[in-house]
Amino acid sequence: MAITVVGSVAFDSIETPAGRRERCLGGAATYFSLAASYFTDVRVIAVVGEDFGTKEEGVFTARNIDMRGIERASGKSFFWEGSYLENLNEAKTHATELNVFGVFEPKIPDAYRDSEFLFLANIDPVLQRRVREAMPQVKLVAGDTMNYWIKDHKPALLEVLKGLDVLLINDTETRMLAQNSNLVQAARSVLGMGPRMLVVKHGEYGATAFHRASKDGVGTKPFRAPALPLEHVVDPTGAGDSFAGGFFGYLASQPELTPATFRRAMFYGSVMGSFTVERFGTERLQELSRREIDERFHLFRELTHLD
Ligand code: AMP
C-alpha cells in the first residue's frame, strides 16, 4: 500500500563531533521517504528551488520514490543549519530558511489519491493541515513536528493534531507541547489533543509508544523499543524521520494492523534510525538492502529477548 508524505525537502549544513558538511541533501520528507521506500511505495508532496539539481533528484529516483508531487519553484530550497557539538541527541539549530516553502500551495497529483497511508512530516502545520484535508479517504494518518513549530505556531499545530492517528515526536517536544516536565503526564496530555497513539523518540535510548486509554482500559500499556548501542555515531540528523519512515513503511506493508504489528513497526523504526546515524546526511540510507535491514531487526530482537 502506498504512503503519501508531505514535509521538507531541504539542504542542510551540519556540524557534529565527526566533522562538518555543507548543503547536503536533507529534509524531513527526504529521510522519511528513503527509509519507507525499503518497505512500500512512497509519494512525496513538497517544493524545491532552482538549487535542487539532477544529483538530488537521482537520490529519490534511485529508490523509486514518486516525485510528481514535488513542485519546482523559482528561488532557493528550504535550508537548515544545525550542530550536535554538546549533545548528540538534540540538534542546536543555527538557521532555518523556509525559502520556497514560505509561499508553497500544496497540490496533490491525481495519481496520489488512492494512497491509504498519509504521513505529515515536519513542516509548517498550515501545510500539513491542507494536505490532511485534501486526503480524507486515507486509512491511517501519522505526523511529526518540532520545537520550531511548537513554539511559534501552536494554534495551527493543535488543529493538525486533531486529525492524526499517530504522532511521533521526541521527549523534549512532548514536554514542550504539553508544558509538563513529567513524560507520562505529558504523553497523556498530548493524547488528549487528538492522536490515539503517541510515539516518543528518545534518541540513542529508543522510543516509547503511549496509547490513549480506552473505556475498558485494554491495550493502554506503554511499549518501549530500544535503540542499538552504536560505537560510532557520525551524524544524528534525520534519525527521527528515518524512524518514522521505518515505522510507517512497515505498517503500510502489512496486511493487518494489529497491536503486534505496531510493536514490530517500532523496532523497524529503530532499525532505520540506527542506519541513518552511521554516516553523514542520507548517505547510509541510500545504499541499504532489505537483507541488511532484516538482519539488524534480528539483532534488535536478540538485544531485548529474555529467553
Ligand atoms: P530529524 O529527524 O529531527 O533529525 O530531522 C532533520 C531534518 O529536519 C533536517 O534534514 C532538516 O532539513 C529538517 N528540518 C529542520 N528544521 C525544520 C523545520 N522547522 N521544518 C521542517 N523541517 C525541518
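Computed from heavy atoms alone, side chains included, the values below leave out hydrogens, waters and symmetry copies. We count ligands from 1, going down the list as the structure has it; atoms in each ligand are counted the same way.
Interface of M146 with ligand 1, defined as ligand atoms under 4.0 Å from a residue heavy atom, comprises 15 (C), 16 (N), 17 (C), 18 (C), 19 (N). Heavy-atom contacts of G27 reach the following atoms of ligand 1: 9 (C), 10 (O), 12 (O) (cutoff under 4.0 Å). Interface atoms of ligand 1 facing S8, defined by a heavy-atom separation under 4.0 Å, are 13 (C), 21 (C), 22 (N), 23 (C). Each of the atoms 10 (O) of ligand 1 lies under 4.0 Å from some heavy atom of G26. Residue-ligand proximity, G240 to ligand 1, at heavy-atom distances under 4.0 Å covers atoms 2 (O). Residue-ligand proximity, W149 to ligand 1, at heavy-atom distances under 4.0 Å covers atoms 18 (C), 19 (N), 20 (N). Listed by atom number, the atoms of ligand 1 under 4.0 Å from A10 heavy atoms are 12 (O).
With hydrogens left out, the protein atom closest to atom 11 (C) of ligand 1 is D12 OD1, 3.5 Å, a heavy atom.
A salt bridge links E133 and R129; the closest N-O separation between the charged side-chain nitrogens and carboxylate oxygens is under 4.0 Å. Between K201 and E90 there is no salt bridge, since none of the side-chain N atoms of the basic residue sits less than 4.0 Å from a carboxylate O of the acidic one. Under a 4.0 Å N-O distance rule, the pair E295/R290 does not qualify as a salt bridge. For the pair E105 and R130, the salt-bridge criterion is met [side-chain N within less than 4.0 Å of a carboxylate O]. Salt bridge annotation for E173-K151: absent, with no cationic side-chain nitrogen under 4.0 angstrom from a carboxylate oxygen.
Between G238 and ligand 1, a contact under 3.5 Å exists for at least one N or O pair. At under 3.5 Å, not a single nitrogen or oxygen of Y148, backbone or side chain, sits near a nitrogen or oxygen of ligand 1.
With a 4.0 Å cut-off on non-hydrogen atoms, A239 touches ligand 1 through its backbone and not its side chain.
Contacts classified as salt bridge (charged side-chain N to carboxylate O under 4.0 Å, His left out) and involving residues 45-56 (residues at least two apart or in different chains) are given here: R23-D51.
Evaluated by nearest non-hydrogen atom to atom 3 (O) of ligand 1, the leading choice among T96, D241, T237 is D241. Closest heavy-atom approach to atom 14 (N) of ligand 1 within the set N122, T282, I169, D152: this belongs to N122.
Between the side chains of S13 and E22, at least one donor-acceptor pair of N or O atoms lies under 3.5 Å. In summary, the side chains of D294 and Y268 do present a donor paired with an acceptor at a separation below 3.5 Å, with no hydrogens or angles considered. Under the 3.5 Å distance criterion, with hydrogens and angles disregarded, a donor-acceptor pair is assigned to the side chains of N89 and E204.
A heavy-atom separation below 4.0 Å is not found between F243 and ligand 1.
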